[in-house]
Amino acid sequence: MAGGRLSRVIGGVSVTSFHSSARWQLHFNSLKDSSQLLVIDFSASWCGPCRFIEPAVHAMATQFTDVDFAKIDVDELSEVAQEFAVQAMPTFVLLKKGKEVDRVIGAKKDELEKKIQKHRSP
């Protein structure tokens with residue numbers, strides 16, 4: 001886990017976990033001007049619904065290879081969670097060009113998948 005970033009690779013596709021605000025800011029800034037969809041999974045290690053939906057999120061990362069998936073632990077990077085006004089876990093924030101286009105609160109796999117399909121690049 002060099003530099004506060006850990007990628008969990010499944011089938012050649014990854015969901016990137018961030019453990020440092022600086023690394024997160026670099027990643028976020030690199031996508032600010034991109035029309036690529038970024039899905040941020042705000043979760044916590046103690047959150048049962050977060051653990052429940054995690055395999056589905058990894059499956060979506062495998063299915064939607066044109067979408068960038070990031071994971072942030074709200075206890076580790078509380079300032080990032082506050083920046084996005086996260087109040088419940090899991091919360092999925094969907095961004096394009098650095099702006100929020102949608103969000104899903106709760107372990108709602110079908111709703112998350114529909115919103116990803118709606119906002120991903122054609």
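- Atoms CD and NE2, from Glu54 and His58 in turn, are 4.0 Å apart once rounded to the nearest 0.5 Å.
- Proximity of Phe18 to His27: side-chain heavy atoms (C-beta onward) are separated by under 4.5 Å at one or more points.
- Two residues are said to be in side-chain contact when any heavy atoms from C-beta on lie closer than 4.5 Å; Leu77 and His19 fail this criterion.
- Side chain of Thr91 to backbone of Gln87: no donor-acceptor contact under 3.5 angstrom is found.
- Counting all heavy atoms, side chain and backbone alike, Ile105 lies closest to Ala88 at CG2-CB, 3.9 Å.
- Within the model, atoms OG of Ser17 and CG of Asp73 stand 9.0 Å from one another, a figure rounded to the nearest 0.5 Å.
- By the 4.5 Å heavy-atom criterion applied to side chains, Asn29 and Trp24 are not counted as neighbours.
- Side-chain contact between Gln63 and Gln117 is present, with at least one heavy-atom pair separated by less than 4.5 Å.
- Between Val39 and Asp68 there is no side-chain heavy-atom pair separated by less than 4.5 Å.
- Follow the hydrophobic side-chain contacts under 4.5 Å out from Phe64 and you reach Val15 in the same cluster.
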Output side-chain donor-acceptor pairs under 3.5 Å for residues 46-53, partner residues at least two apart or in another chain, one line each.
from: Trp46; atom 1: NE1; to: Asp75; atom 2: OD2; distance (Å): 2.6
from: Arg51; atom 1: NH1; to: Ser45; atom 2: O; distance (Å): 2.7

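- Side-chain contact between Met60 and Glu113: present, with at least one pair of heavy atoms (C-beta onward) separated by less than 4.5 Å.
- Heavy-atom minimum distance, Lys96 versus Ser35: CE-O, 2.9 Å.
- In this structure the side chain of Phe69 never reaches within 4.5 angstrom of the side chain of Asp41, judged on heavy atoms.
- Residues in residues 72-91 take part in these ring pair (Phe, Tyr, Trp, His ring centres under 6.0 Å) pairs, two or more places apart or across chains: Phe42-Phe84.
- Partners of Glu83 by side-chain contact (heavy atoms from CB on, under 4.5 Å), not counting sequence neighbours, listed by chain and number: Gln25.
- Among pairs with a residue in residues 101-110, those fulfilling side chain to side chain donor-acceptor pair (under 3.5 Å) read Glu100-Arg103, Asp102-Lys115, Asp102-His119, at least two apart in sequence or across chains.
- The ring pair (Phe, Tyr, Trp, His ring centres under 6.0 Å) analysis of residues 93-116, with sequence neighbours excluded, yields no pairs.
- One hydrophobic cluster, built from ILVMFWY side chains closer than 4.5 Å, holds both Val101 and Leu112.
- Within the structure, no pair that satisfies the ring pair (Phe, Tyr, Trp, His ring centres under 6.0 Å) test touches residues 85-105, not counting sequence neighbours.
- Closest approach of Ala44 and Met89 over heavy atoms only: N-CG, 4.2 Å.
- Between Leu37 and the choices Leu94, Asp66, Leu95, the side chain to side chain contact (heavy atoms under 4.5 Å, CB included) rule is met once, by Leu94.
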